[in-house]
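Order of appearance sets the numbers: ligands from 1, and atoms from 1 within every ligand. Here the structure is a predicted model, which is why all the values come from computation and not from measurement.
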Amino acid sequence: MVPRRLSGSGDSFAGYRARLVEALRAKGIGDLAVLKAFAETPRHLFVPEAVRHRAYEDVALPIGNDQTISQPFTQARYLEALGLRGKERVLEIGTGSGYQTALLAALAATVFSVERVESLARAAQAALREAGVANVSVLHGDGTLGWSAYAPYDAILVAAGGPEIPPPLVEQLAPGGRLLIPVGARGAQTLTLVERGDTGTRRIPLGEAHFVPLVGEHGFDA
Ligand code: SAH
C-alpha cells in the first residue's frame with residue numbers, strides 16, 4: 001500500500017480538525033505554518049481507540065504507560081517558539097504518541113525522535129506509518145543523551161520536564177540552533193529556550209509548564 005497523508009477533506013475527521021485549528025487561532029496561535037500542520041495532521045490516529053471521539057478537543061489525553069498526549073494549544077505554542085521554516089533537522093525527546101513528531105515532520109525537513117518506553121516508541125512508529133509521515137526516525141532509548149549519530153540539530157524539543165538541561169543536548173545543537181525544554185521540579189517547570197550562538201548559549205525563560213518527568217541519566221530517577 002502506498003502511504004498517504006490523511007489530509008484535506010479526504011477523511012471524515014477533517015471537519016473536526018478545522019474546528020481545532022479555529023480554537024487554536026482564537027487562543028492566539030498566529031503562525032500560519034503551525035496552524036497548517038494542525039490542519040493536516042490526523043490526531044485521531046495517535047490516540048487510543050477509547051478516547052478517539054475526543055481526539056480533536058483541545059485537551060491532553062491518556063496514551064497508556066502513565067503518559068499523555070499533550071494539549072494541542074501547548075504544543076502549538078511550543079512549535080511557534082521553535083520558529084521552524086521547513087529546512088531544519090530536528091531532534092525530539094519524548095515521542096509519546098508520535099503526534100507532535102508528525103507536527104514537527106510537517107514543519108521541518110527531518111525529525112529524529114527518542115522515546116524511553118519501548119511500547120510507546122513502537123506504537124508511535126506504527127501510527128506515523130499509518131498517517132503517511134515518512135521523514136521521521138524513532139529510537140527507543142534515553143533521550144537525555146540525545147541522538148549523536150545524526151547531530152547537530154537545528155532545533156531540539158524536549159516534551160518532558162527535567163531537573164536540568166542535559167549537557168549532551170546542548171552539545172548536539174547546531175550553531176544558531178534552538179533547544180526548548182521544561183526545566184524544574186517534577187510537575188512544575190519553566191519552559192526554557194536555549195539559543196546557541198557562536199560564543200556560547202543564552203537561556204530565555206518562556207513561562208510555566210507542566211510536563212511529565214524526563215527520566216534518564218541527565219533527568220530524574222525512574
Ligand atoms: N509530545 C508527546 C507527548 C509526550 S509525553 C505527544 O504528542 O504524544 C512525554 C514522553 O517523554 C513520554 O512518552 C515519556 O515516556 C517520554 N520520556 C520521558 N523521559 C524520557 C527520556 N529520557 N528519553 C526519551 N523519552 C522520555
Visitor: Would you check whether Ile63 has a nitrogen or oxygen atom less than 3.5 angstrom from a nitrogen or oxygen atom of ligand 1?
Guide: no

Visitor: Among Ala121, Ala159, Pro72, Gly96, which residue places a heavy atom closest to atom 9 (C) of ligand 1?
Guide: Ala159

Visitor: Using a strict 4.0 Å threshold on nitrogen-to-oxygen distance, state whether Glu22 and Arg25 make a salt bridge.
Guide: yes

Visitor: Once you measure the plane-to-plane angle for Phe13 and Tyr16, does it fall in the parallel (<30°), tilted (30-60°) or perpendicular (>60°) bin?
Guide: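 Tilted, since the angle between the ring planes falls between 30° and 60°.
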
Visitor: Identify, by atom number and element, the atoms of ligand 1 in contact range of Val117, meaning under 4.0 Å from any of its heavy atoms.
Guide: 15 (O)

Visitor: Show which atoms of ligand 1 fall inside a sub-4.0 Å distance from at least one heavy-atom site of Val212.
Guide: 5 (S), 9 (C)

Visitor: With heavy atoms of Gln75 as the reference, note each atom of ligand 1 found under 4.0 Å away.
Guide: 1 (N), 6 (C), 7 (O)

Visitor: Check the surroundings of atom CD in Glu208: do more than 12 heavy atoms from other residues, nucleotides or ligands lie under 6.0 Å from it?
Guide: no

Visitor: Are Thr95 and ligand 1 in contact, using a heavy-atom cut-off of under 4.0 Å?
Guide: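 Contact present.
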
Visitor: Quick check: does any side chain N or O of Arg196 sit under 3.5 Å from a backbone N or O of Leu179, one acting as donor and the other as acceptor?
Guide: no

Visitor: Quick one: which ligand 1 atoms are inside 4.0 Å of a heavy atom on Gln100?
Guide: 1 (N), 7 (O)

Visitor: Regarding ligand 1, does Glu92 bring an N or O atom to under 3.5 Å of one of the ligand's N or O atoms?
Guide: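 It does not: no N or O of Glu92 is found under 3.5 Å from an N or O of ligand 1.
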
Visitor: Numbering the atoms of ligand 1 from 1, which are under 4.0 Å from a heavy atom of Gly141?
Guide: 23 (N), 24 (C)

Visitor: Nearest non-hydrogen contact with atom 15 (O) of ligand 1 belongs to which option: Glu115, Arg116, Glu118?
Guide: Glu115

Visitor: Which atoms of ligand 1 sit under 4.0 Å from any heavy atom of Ser97?
Guide: 6 (C), 7 (O), 8 (O)

Visitor: With heavy-atom distances below 4.0 Å as the criterion, list the atoms of ligand 1 near Thr68.
Guide: 3 (C), 4 (C), 5 (S)

Visitor: What is the closest protein heavy atom to atom 4 (C) of ligand 1, and at what distance does it sit?
Guide: Gly94 O, 3.7 Å

Visitor: Please determine if Glu49 and Arg52 form a salt bridge, counting it only when a charged side-chain N lies under 4.0 Å from a carboxylate O.
Guide: yes

Visitor: Testing Arg19, Arg43, His44 for side chain to side chain donor-acceptor pair (under 3.5 Å) with Tyr56, which one passes?
Guide: His44

Visitor: Please examine the side chains of Phe211 and Gln189, heavy atoms only from C-beta on, and report whether any two atoms are closer than 4.5 Å.
Guide: yes

Visitor: Hey, which of Asp142, Val215, Leu214 is the one that makes side chain to side chain contact (heavy atoms under 4.5 Å, CB included) with Arg116?
Guide: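 Between Arg116 and the candidates, side chain to side chain contact (heavy atoms under 4.5 Å, CB included) is satisfied uniquely by Val215.
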
Visitor: Among protein heavy atoms, which lies nearest atom 12 (C) of ligand 1, and at what distance?
Guide: Gln67 OE1, 3.2 Å

Visitor: Just need the protein heavy atom nearest to atom 23 (N) of ligand 1, so name the residue and atom and give the distance.
Guide: Gly143 N, 2.8 Å

Visitor: Return the closest protein heavy atom for atom 21 (C) of ligand 1 as residue, atom name and distance.
Guide: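 Looking at atom 21 (C) of ligand 1, the protein heavy atom closest to it is Val215 O, 3.5 Å.
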
Visitor: Any atoms of ligand 1 less than 4.0 Å from a non-hydrogen atom of Thr144? List them with their elements.
Guide: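 Matching atoms, with element in brackets: 22 (N).
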
Visitor: With a 4.0 Å cut-off on heavy atoms, is Pro213 in contact with ligand 1?
Guide: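 Contact check Pro213 vs ligand 1: positive.
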
Visitor: I'd like to know if Leu193 and Leu173 are part of one continuous hydrophobic network [Ile/Leu/Val/Met/Phe/Trp/Tyr, side-chain heavy atoms within less than 4.5 Å].
Guide: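 In one cluster with Leu173: Leu193, no.
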
Visitor: Between Arg85 and Asp31, does any side-chain N to carboxylate O distance fall below 4.0 Å?
Guide: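 Yes, Arg85 and Asp31 are salt-bridged.
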
Visitor: Please check if atom CZ in Arg203 has more than 12 non-hydrogen atoms from other residues, nucleotides or ligands closer than 6.0 Å.
Guide: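 It does not: Arg203 CZ has 12 such atoms or fewer within range.
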
